[in-house]
Amino acid sequence: MIAYPFVVFIGLKYYSLKTISIILLSLFVLRMLLVKKGDQISLIMGMMGLCLMIASLLFKQQELMLYYPFLISVLLLIIFVTSLIKPPTIIEKIARLMDKDFNDKAIPYVEKVTFVWSTFFLLNGCISAYTIYRQDLELWTLYNGLISYLIMGLIFAVEFVVRMRVKKSHESGV
């Protein structure tokens with residue numbers, strides 16, 4: 001699914017709407033079949049893609065394919081913000097799964113990280129919507145297929161460095 005924007009770009013440039021819709025529809029069905037039991041988020045993402053491909057075929061509207069990255073951002077924004085309102089946050093849940101010795105003193109930190117990701121998904125969704133509005137397939141592909149992933153990678157890297165510093169300062173008693 002990371003390659004989705006490039007698949008859409010190439011598909012819409014060189015193939016018919018029907019062909020690319022059927023290919024993507026098949027990939028979304030496959031994704032849904034491979035979802036691990038209990039992974040509701042991936043299932044919802046797959047269903048959203050499936051619905052967009054069916055709608056694209058039925059209404060013969062290639063623009064509908066462009067909404068997938070936007071809808072993913074909206075879904076993740078809802079999940080992250082909801083977890084801020086009703087803890088534990090999604091980041092805390094992930095941290096507890098990864099670290100069996102998760103310290104409750106880290107809760108304020110993971111709440112801040114959840115807020116950062118919520119802000120990213122809000123801004124990402126807005127920019128993704130703008131790329132759809134512009135009706136420029138190259139711009140849409142560049143942002144949704146590259147720039148947004150570079151920003152995510154940067155956030156992961158910065159957060160990792162900050163986390164190591166915070167962890168080190170807690171270990172040293174500062």
Y67, OH: over 12 other non-hydrogen atoms inside 6.0 angstrom: no
Cationic N near anionic O, under 4.0 Å, D101 to R96: no
Same cluster (ILVMFWY, side-chain, under 4.5 Å), L142 and Y130: no
Connected-component partners of L84 among ILVMFWY, side-chain separation under 4.5 Å: F115
For L123, the rest of its hydrophobic cluster, which grows through side-chain links under 4.5 angstrom: none
Within one Ile-Leu-Val-Met-Phe-Trp-Tyr cluster: I2 and V7, side-chain cutoff 4.5 Å: yes
For M65 against S21, the heavy-atom pair lying closest together: CE-OG, 2.9 Å
Step-by-step side-chain contact (heavy atoms from CB on, under 4.5 Å) determination, V8 to L66: CA-CA 8 Å; V8 170; L66 305 182; 4.0 Å; yes
Within 6.0 Å of CG in L58, more than 12 heavy atoms from elsewhere: yes
Verdict with reasoning, V116 to F120, per side-chain contact (heavy atoms from CB on, under 4.5 Å): CA-CA 6 Å; V116 167; F120 166 75; 5.7 Å; no
Without placing hydrogens or testing angles, list every side-chain donor-acceptor pair under 3.5 Å for residues 26-33, not counting sequence neighbours.
| unit_1 | atom_1 | unit_2 | atom_2 | d |
| --- | --- | --- | --- | --- |
| S26 | OG | I22 | O | 2.8 |
| R31 | NH1 | Y68 | OH | 3.1 |

Atom pair CD1 (I147) and OG1 (T141), whose distance is rounded to the nearest 0.5 Å: 11.0 Å
Flag if over 12 foreign heavy atoms under 6.0 Å of OH, Y15: no
Interatomic distance, I54 atom CD1 to L24 atom CG [nearest 0.5 angstrom]: 12.5 Å
M164 atom CE: more than 12 heavy-atom contacts under 6.0 Å: yes
4.5 Å side-chain heavy-atom contact, F102 and E92: yes
Contacts of type side chain to side chain donor-acceptor pair (under 3.5 Å), residue S73, not counting sequence neighbours: N124
Among R163, E159, K167, side chain to side chain donor-acceptor pair (under 3.5 Å) partner for Y109: E159
Interatomic distance, L57 atom CG to L64 atom CG [nearest 0.5 angstrom]: 10.0 Å
If you look only at distance, which donor and acceptor atoms sit under 3.5 Å apart when one is on a side chain in residues 43-50 and the other is two or more places apart or in another chain?
none

Backbone N/O of V166 and side chain of S169: donor-acceptor pair under 3.5 Å: yes
Pairing of K13 and E138 as salt bridge, 4.0 angstrom limit: yes
same_hphob_cluster(I151, Y149) at 4.5 Å side-chain heavy-atom cutoff: yes
ring-ring contact (aromatic ring centres under 6.0 Å, His included) against F121, all qualifying residues, sequence neighbours excluded: F80, W117
Spacing of Y143 atom OH and L150 atom CG [to the nearest 0.5 Å]: 10.0 Å
Non-hydrogen atoms of L77 and S118 that approach each other most closely: CD1-O, 3.2 Å
Shared hydrophobic cluster, F6 / I127 (ILVMFWY, side-chain heavy atoms < 4.5 Å): no
Nearest heavy atoms of P69 and N144, plus distance in Å: CB-OD1, 3.4 Å
CA sep, side-chain torsions, deciding dist, call: D136, T131, side-chain contact (heavy atoms from CB on, under 4.5 Å): CA-CA 7 Å; D136 180 341; T131 65; over 6 Å; no
Hydrophobic cluster identity match, L97 and F160, side-chain contacts under 4.5 Å: no
Atom pair OG1/CD of T89 and E111 - distance to nearest 0.5 Å: 6.0 Å
Heavy-atom closest contact (Y4 atom, M53 atom, distance): OH-CE, 3.1 Å
Closest heavy-atom pair and its distance - T114, S83: CG2-OG, 3.7 Å
Separation of K112 NZ from I91 CD1 (nearest 0.5 Å): 14.5 Å
